[in-house]
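Only one structure is covered here, and it is reproduced in the block below.
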Amino acid sequence: MSDKKFSVVIAGGGSTFTPGFVISLCANQDKLPLRKLKLYDIDAERQKKIGDACAIIVKEKAPGVEFEYTTDPEEAFTDVDFVLGSIRVGKYEMRSQDEKIPLKYGVNGQETTGPGGMAYGLRSIPAIIEIIDFMEKYSPNAWMVNYSNTIAIVSEACRRFRPHAKIVNICDMPIDDMGRMAAIAGLKSFKDLDFTYYGLNHFGWWKSVTNKKTGEDLMPMLKEYTKKNGYYVGGDFDKDTEASWVATFKKVADCYALDPTTLPNNYMQYYYFPQYEVENANPHYTRTDEILEYRQKIVFGECARIVKEGTAKGNLWESAVHSNYIIDICHAIAFNTHEKYLANIPNNGAISNFPDDAIVEVPCLFGADGVQPLCVGEAGRFQLGLMMEQVTCEKLVVDAYEQKSYIKMLQAFALNKTVPDATVAKKILDDMMVVNKPYWPDLK
């Protein structure tokens, strides 16, 4: 490994995930040695609360790393090697609308799936394009690792509008599922597994899972376990897992029953069982309310405590899988290791019976030249039908952005598997048009 040290900017510095991410970056200097760490956000007040605490964290845990936070794009994106995208356009106020408007009409309300996910994706497109442009203007050799949702829609926009940009769009949800598979198999980490996975973002399946060291086929054992328990592990592994996520991981058992030849991404429940999700949702108290009531208060409270006491000792964060996965990807790019991870990229034959211009989530080798997709063979007939419907919705959303077209957005909603018919789709869209006026293009 070379002695090179890297400069990183986190775009979305005011995120409640930022302190944990900063701690992970400080703790992983062996993987990604840093010389400079910056935060960038357009909300100065929110970022200051996070940034002041992070300055203390970096000073104590990585004193040799220069740290700053800013709202100035030139300052943020000049002299950086990696841009880490963690933005939420409209913040939690708009996420709440994404969840509650569909529920008002008996449709599942979830931040990255169904109408809510499409609304979020449409908001995110111009912001991600702007960040790419800042990066290319001020640090043209930098790479952007983006995990801002809705990933599938953002990735399609990048394919169309910035096809040559040095951006990798990733998601850690399959990694979380594989961490559970590893625990079920008695292994330490998802890194102990080899796998074949294919699909779309939050919409995929494992064809194979093996023990990376021994080559043992783990699918029979995992299928037998999943049939009864889903991906719920229990015990110490799940002692801090929130009740809503416990239900999610247990529901995988029902998803698996629809195709016992594969193992599903846990998000498939939103498409397989949309009415179950509606029946078990509170239209007046959604996941956003849980976050605002708990995580956001805890994070900002802890940041205030760190600033007041002038030390980050005894803080509540630990190095997390989510953050470490992103660091692993940066390491692979920085040191050209060609490690195997998942990315959302144009298909170009990776799934042999799926359109080349579709954004798919498949295993790739990560290196200094970006990502090289691995061929995963054919999608099953059942999966192919689901994927064609979903990817068409995602493309229609980007059509709506590009053409400023109300009809394209309506078609996206009406086609989506979570929406019962076009009348309901129109009602949801018309309500969303009102609240998204500051963020969406003027759809005609």
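Surrounding OH of Y294 are at most 12 heavy atoms belonging to other residues, nucleotides or ligands under 6.0 Å away. Around atom CD1 of I42, no more than 12 heavy atoms belonging to other residues, nucleotides or ligands sit under 6.0 Å away. For K426, the NZ atom is loosely surrounded, since the number of other residues' heavy atoms within 6.0 Å does not exceed 12. For NZ of K223, the number of neighbouring non-hydrogen atoms (other residues, nucleotides, ligands) closer than 6.0 Å is greater than 12.
Between Y256 and Y225, the ring center distance fails the sub-6.0 Å criterion. Here the two rings, on F17 and Y147, have centers that are 6.0 Å apart or farther.
Cation-pi contact between K207 and Y198: present, with separation from the ring centre below 6.0 Å and deviation from the ring axis of at most 45°. A cation-pi contact, defined as under 6.0 Å to the ring centre and within 45° of the axis, links K340 to F195. Annotation: cation-pi geometry satisfied between K250 and Y232 (NZ/CZ under 6.0 angstrom from ring centroid, within 45° of ring axis).
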Stepwise ring-ring contact (aromatic ring centres under 6.0 Å, His included) test for Y197 and W206: CA-CA 4 Å; Y197 177 93; W206 282 267; 4.6 Å; yes
Just do the salt bridge (charged side-chain N to carboxylate O under 4.0 Å, His left out) check on K5 and D81 with the steps written out, would you? CA-CA 9 Å; K5 294 187 176 182; D81 300 296; over 6 Å; no
Salt bridge (charged side-chain N to carboxylate O under 4.0 Å, His left out), that's the test. Do D328 and K31 meet it? Break it down for me. CA-CA 7 Å; D328 286 339; K31 289 184 182 176; 2.7 Å; yes
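D259 and Q383 are linked by a side-chain donor-acceptor pair at a separation below 3.5 angstrom, with hydrogens and angles left out of the test.
Within the 4.5 Å cutoff, no side-chain heavy atoms of E402 are placed close to those of I125.
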